[in-house]
Amino acid sequence: MEKKVKKGKKVTVLGAGNVGASIAFALSIKGLCSELLLVDINKPKAKGEAMDIMQGNAFAPTCDVRDGDYADAVDSDMVIITVGIARKPGQSRIDLCKTNAGIIASVVPEIVKYAPHAIYLVVSNPVDVLTYEALRVSGLPENQVFGSGTVLDSSRLRTCLAEHADLNIKNIHAYVFGEHGDSSMVPWSLSSIAGMKFDEYCKNVEDLGDKAEIEQEVRDGGAEVIKCKGATYYAIALSVSMITEAVLRDTKAVLTVSAYQDGSHYGVKDVCLSLPCVVGANGIERRIAPPMTDEEVARFQKSGAALRAVIEETFA
């Protein structure tokens, strides 16, 4: 039988729910890959989503979008994991962690059999805990498995600051570090607006408000969307498309993805959480540990400790 010729970059998306389907749509209209595979336990859903995107091929860069099984992921350059259940009313965070960690433990080793050289990006929540589990069960190197982390949180922060300052978001540089969740923190000493440190801008141009209130506004951003429409998926899809572009096009972008910490940065170890990483064709090419104030380092360490406690309880 004639061997199939690989036409270009291939991406597999595990999970064809709102998040997975939105990611697939974003990747296709950006033209980031020539082959796109959707895999879901609900096979008709994956087929329908793939067909829906494929039928718009005349209006976007050509992409072969298909549904399939784990075996069809062979030769994937990247695997994006969105499987898992949403938190139900009355369900504890630990119960959610245990359930979704079990799902990760069942699907990741299966797909790694067929795509051992792919870069794996975990998007499922709670993303830091599930990234930790995906790395553990995959047996792959740390650079090859990471999570979407606080890339979206950082976008929400920049969006918030742009609205407060009435400026183009591209003139604002700011990050969210730590957990993608309640213990996340903003290193304000590293934030800048129009080339000025955040505090300098507030002193010399315009006071943008209380930092703690801005941080809470950013943390509440996703919950507010869920309250209004039931789920969030467009913004996360766009953030994942940027991470995917960094890998497939080797852009060496600095992104706050969730990566395994070995203790060499601020003393935080044996957890996955977000710090700036250079993302390229090899996944995490290198990590960046910018200088923070003592108070910021303490807050980052507190976030790491909170995640470590959740991991210990989840896998007890």
Side-chain angles (χ1 to χ4, degrees), residues 93 125-129 131-132 146-165 167 169 171-224 239 254-279 284 286-313:
R93 186 184 187 204
N125 276 320
V127 67
D128 302 294
V129 176
T131 300
Y132 182 90
F146 55 94
S148 53
T150 58
V151 174
L152 175 55
D153 308 66
S154 297
S155 174
R156 287 173 176 155
L157 173 61
R158 293 175 65 203
T159 299
C160 180
L161 292 175
E163 290 176 349
H164 281 247
L167 290 174
I169 194 171
N171 297 120
I172 294 170
H173 296 276
Y175 299 106
V176 175
F177 288 177
E179 177 194 16
H180 173 60
D182 293 339
S183 72
S184 66
M185 53 81 63
V186 175
W188 290 103
S189 65
L190 303 175
S191 303
S192 67
I193 300 176
M196 287 173 273
K197 294 287 188 180
F198 177 84
D199 288 341
E200 292 175 354
Y201 185 91
C202 290
K203 179 180 179 181
N204 296 297
V205 181
E206 177 188 7
D207 187 355
L208 299 182
D210 183 73
K211 294 176 183 176
E213 290 181 4
I214 293 172
E215 286 196 46
Q216 195 57 48
E217 186 178 341
V218 171
R219 286 195 199 97
D220 293 342
E224 183 65 21
S239 69
V254 177
L255 299 168
T256 52
V257 293
S258 182
Y260 183 77
Q261 305 296 321
D262 62 4
S264 58
H265 300 325
Y266 314 109
V268 174
K269 62 180 180 179
D270 202 24
V271 295
C272 290
L273 79 174
S274 294
L275 279 174
C277 294
V278 178
V279 181
I284 295 177
R286 61 186 188 273
R287 298 135 193 273
I288 297 174
M292 294 193 285
T293 66
D294 291 344
E295 185 265 343
E296 288 167 350
V297 170
R299 292 183 66 201
F300 179 75
Q301 291 171 336
K302 185 177 179 180
S303 185
L307 273 171
R308 185 64 224 160
V310 172
I311 288 172
E312 289 175 357
E313 194 169 351

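Side chains included, hydrogens not; waters and symmetry mates left out as well; all remaining heavy atoms used.
With values rounded to the nearest 0.5 angstrom, Phe146 atom CZ is found 8.5 Å from Leu255 atom CG. To the nearest 0.5 Å, the span separating CG on Asp207 from NE2 on His164 amounts to 11.0 Å. Interatomic distance, CG of Leu208 versus CD of Glu213, reported as 12.5 Å (0.5 Å rounding). Atom SG of Cys277 sits about 4.5 Å away from atom CD1 of Ile284, to the nearest 0.5 Å. The CG atom of Asp294 sits 9.5 Å away from the CD atom of Glu296 when rounded to the nearest 0.5 Å. Between Asn125 atom CG and Thr131 atom OG1 the span is 9.0 Å, to the nearest 0.5 Å.
Considering only heavy atoms from C-beta on, Ile288 stays 4.5 Å or farther from Leu275 through its side chain. Residues Phe177 and Pro276 have side chains in contact (heavy-atom distance under 4.5 Å, counting atoms from C-beta outward). Taking the side chain as every heavy atom from C-beta outward, Tyr201 and Leu161 never approach each other to under 4.5 Å. Within the 4.5 Å cutoff, the side chain of Val186 has heavy atoms near those of the Ser191 side chain. By the 4.5 Å heavy-atom criterion applied to side chains, Val176 and Thr256 are not counted as neighbours. Looking at heavy atoms from C-beta onward, Val129 lies in side-chain contact with Leu307 at the 4.5 angstrom threshold.
Of the possible polar contacts, one joining the Thr159 side chain to the Ser155 backbone as a donor-acceptor pair under 3.5 Å is found. At least one donor-acceptor pair closer than 3.5 Å links the side chain of Ser303 to the backbone N or O of Ser183. Judged purely by atom type and a 3.5 angstrom limit, Arg286 has no side-chain atom pairing as donor or acceptor with the backbone of Val278. Judged by distance alone, the side chain of Arg219 and the main-chain N or O of Ser184 form a donor-acceptor pair under 3.5 Å. Side-chain N or O atoms of Asp128 include one that pairs as donor or acceptor with a backbone N or O of His180 at under 3.5 Å. Side chain of Gln261 to main chain of Ala259: a donor-acceptor pair is present (N/O by atom type, distance under 3.5 Å, no hydrogens or angles). A donor-acceptor contact shorter than 3.5 Å is absent between the side chain of Glu215 and the backbone of Met185.
Atom NZ of Lys211 has more than 12 neighbouring heavy atoms from other residues, nucleotides or ligands inside a 6.0 Å radius. Atom CD of Glu206 has more than 12 neighbouring heavy atoms from other residues, nucleotides or ligands inside a 6.0 Å radius. Within 6.0 Å of atom CG in Asn204, more than 12 heavy atoms from other residues, nucleotides or ligands are found, so the atom counts as buried in its surroundings. Counting non-hydrogen atoms of other residues, nucleotides and ligands closer than 6.0 Å to CG of Asp210 gives a total above 12.
Note on Glu224 versus Arg156: no salt bridge recorded, every NZ/NE/NH1/NH2 to OD/OE distance being 4.0 Å or above.
Smallest separation of non-hydrogen atoms from Pro290 and Leu190: CG-CD1, 3.5 Å. Contact between Ser264 and Asp262 at its shortest, heavy atoms only, is OG-OD1, 2.6 Å. Closest approach of Val268 and Gly304 over heavy atoms only: CG1-CA, 4.1 Å. Gln301 and Tyr266 make their closest contact through NE2-O, 2.8 Å (heavy atoms, listed as atom of the first residue, atom of the second, distance). Across every non-hydrogen atom of Ile172 and Arg158, the tightest pair is O-NE, 2.8 Å. Considering all non-hydrogen atoms of both residues, Gly178 and Thr150 come closest at O-CG2, 3.8 Å.
The salt bridge (Lys or Arg N to Asp or Glu O under 4.0 Å) search around Asp270 returns Arg308, not counting sequence neighbours.
Checking Thr293 against Ser189 by side-chain atom types alone, no donor-acceptor pair falls below 3.5 Å.
Under the 30°/60° scheme for interplanar angles, the aromatic rings of Trp188 and Phe198 are found to be tilted.
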